[in-house]
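Worksheet: the structure to be examined is printed underneath.
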Number of protein chains: 2
Amino acid sequence: MEPVPPSVDDEATKLQRQFGDRLRHFRTAAALSQEEIAHRAGLDRSFVGQVERGERNLSLLNILKIADALGIEAGRLFDRDK
Amino acid sequence: MEPVPPSVDDEATKLQRQFGDRLRHFRTAAALSQEEIAHRAGLDRSFVGQVERGERNLSLLNILKIADALGIEAGRLFDRDK
DNA sequence: GTGTGACTTGTAGTCCGTA
DNA sequence: CTACGGACTACAAGTCACA
């Protein structure tokens, strides 16, 4: 039987989820709420939540804002091992 | 005289330019053309050029595609020291 | 404090051309 | 090969109400 190849769309959301997972990892490690991060980054609370859940393909500038809010290097949000 | 505070927009494009500079650094180091990167990443040739020049606020998925095309970890595009 | 869906507006990203 | 522009379409940004 053919193992169904994952669609590009699934691949895309998978990558977004990976990013969201790392964000959540660093946020909870810093003991901060989504609201707090959103406020520090100047973003909407629900937007941050959506990013964490991998529902958003956010842009470079917002990645940098969020990294700032977390107090970490942006590159760390791309580390394979948290 | 008031030293004119840099507008948020200038700050934004400054960050985009930093990213573009790193992209160009890695691309030339790999001896690849913008066209080649664009092709590998499945993006438009002119779009890659615009990103390198800091004219575009590209999204997470395209950052990952470009890092892939360069054969590097996405996080390296955020390193302070190239 | 978070998840979710829906919605409008701005811009990301494409495609075509010129130099 | 790269910069730059115009015109377009797809989709991210940003916000909200409600669970």
Side-chain angles (χ1 to χ4, degrees), chain A residues 6-71 74 77-78 82, chain B residues 6-71 74 77-78 82:
Chain A
S7 75
V8 285
D9 203 79
D10 285 345
E11 179 62 21
T13 59
K14 177 182 170 185
L15 293 170
Q16 289 178 189
R17 250 183 293 113
Q18 285 180 6
F19 183 88
D21 285 344
R22 290 188 201 99
L23 164 53
R24 178 161 298 184
H25 171 79
F26 286 117
R27 178 179 65 81
T28 54
L32 296 169
S33 68
Q34 291 178 357
E35 278 176 335
E36 181 61 22
I37 293 295
H39 179 257
R40 293 190 188 190
L43 296 170
D44 192 82
R45 161 189 81 73
S46 90
F47 181 71
V48 173
Q50 288 162 355
V51 170
E52 273 197 3
R53 275 172 268 132
E55 294 171 2
R56 293 276 187 161
N57 177 21
L58 79 173
S59 72
L60 171 63
L61 260 24
N62 284 337
I63 290 172
L64 296 174
K65 282 186 200 167
I66 288 175
D68 259 18
L70 286 170
L77 287 168
F78 294 88
K82 313 170 204 165
Chain B
S7 74
V8 283
D9 204 80
D10 284 345
E11 179 62 20
T13 61
K14 177 182 171 184
L15 294 170
Q16 291 178 187
R17 250 184 291 113
Q18 285 179 7
F19 183 88
D21 286 345
R22 290 187 201 101
L23 165 52
R24 178 160 299 184
H25 172 79
F26 285 116
R27 180 179 64 80
T28 56
L32 295 170
S33 68
Q34 290 178 357
E35 278 176 338
E36 180 62 21
I37 293 295
H39 176 70
R40 292 190 188 191
L43 296 172
D44 192 78
R45 142 187 88 72
S46 88
F47 180 68
V48 173
Q50 288 165 354
V51 170
E52 276 197 1
R53 275 173 266 131
E55 295 171 2
R56 291 285 185 162
N57 176 22
L58 78 174
S59 72
L60 171 64
L61 259 24
N62 285 335
I63 289 172
L64 296 174
K65 283 186 199 167
I66 288 175
D68 259 17
L70 287 170
L77 286 168
F78 295 89
K82 314 169 203 168

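Lettering of chains follows the sequences in order, A, B, ..., and the numbering in each one begins at 1. Since the model is a prediction, treat every value here as computed from it, not as a measurement. Values reported hereafter were calculated over all heavy atoms of this structure, with side chains retained and with hydrogens, waters and symmetry mates removed.
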Both distances under 3.5 Å, Watson-Crick or G-U wobble: on that basis, could you give the dot-bracket string for DNA chain D, with [ ] for crossing pairs and | for other-strand partners?
-> .||||||||||||||||||
Nearest heavy-atom pair of A:A74 and A:L64: which atoms, and what distance?
-> CB-CD2, 3.6 Å
Is there a donor-acceptor contact under 3.5 Å from the side chain of B:N57 to the main chain of A:S59?
-> no
Can you tell me how far the CG atom of B:L58 sits from the CG atom of B:L43, to the nearest 0.5 Å?
-> 8.5 Å
For the atom pair OG1 (A:T28) and CD (A:Q34), what is the distance rounded to the nearest 0.5 Å?
-> 10.5 Å
Is [Y] close to [X] at the side-chain level, that is, under 4.5 Å between some pair of heavy atoms?
X	Y	value
A:L32	A:R40	yes
B:L61	A:F19	no
B:N62	B:K65	yes
B:Q18	B:K14	yes

With a 4.0 Å cut-off (strictly under) to non-hydrogen atoms of chain A, the first and last hit nts on DNA chain D, 5' to 3', are D:dA12 to D:dC18
Are the charged groups of B:R27 and B:E36 less than 4.0 angstrom apart, N to O?
-> no
Which atoms of nucleotides 6-11 of chain C (N or O only) lie under 3.5 Å from a protein N or O atom, and what are those distances?
none

Does the side chain of A:E55 come under 3.5 Å of the side chain of A:Q16 through a donor N or O and an acceptor N or O?
-> no
Do we see a donor-acceptor contact under 3.5 Å between the side chains of A:Q50 and A:R56?
-> yes
Apply side-chain contact (heavy atoms from CB on, under 4.5 Å) to the pair B:F26 and B:I37, showing each step before the final yes or no.
-> CA-CA 11 Å; B:F26 285 116; B:I37 293 295; over 6 Å; no
How would you list, by chain and number, every residue that makes a side-chain contact (heavy atoms from CB on, under 4.5 Å) with A:D44, sequence neighbours excluded?
-> A:S46, A:F47
Check the pair B:L60, A:L15 against side-chain contact (heavy atoms from CB on, under 4.5 Å), reporting the backbone distance first and the verdict last.
-> CA-CA 9 Å; B:L60 171 64; A:L15 293 170; 6.0 Å; no
Looking at DNA chain C, which of residues 35-45 of chain B put a heavy atom within less than 4.0 Å of it?
-> B:G42, B:L43, B:D44, B:R45
The residue among B:R22, B:R17, B:R24 that forms salt bridge (charged side-chain N to carboxylate O under 4.0 Å, His left out) with B:E52 is B:R24
Looking at residues 58-67 of chain A, who's got a heavy atom less than 4.0 Å off DNA chain D?
-> A:L58, A:S59, A:N62
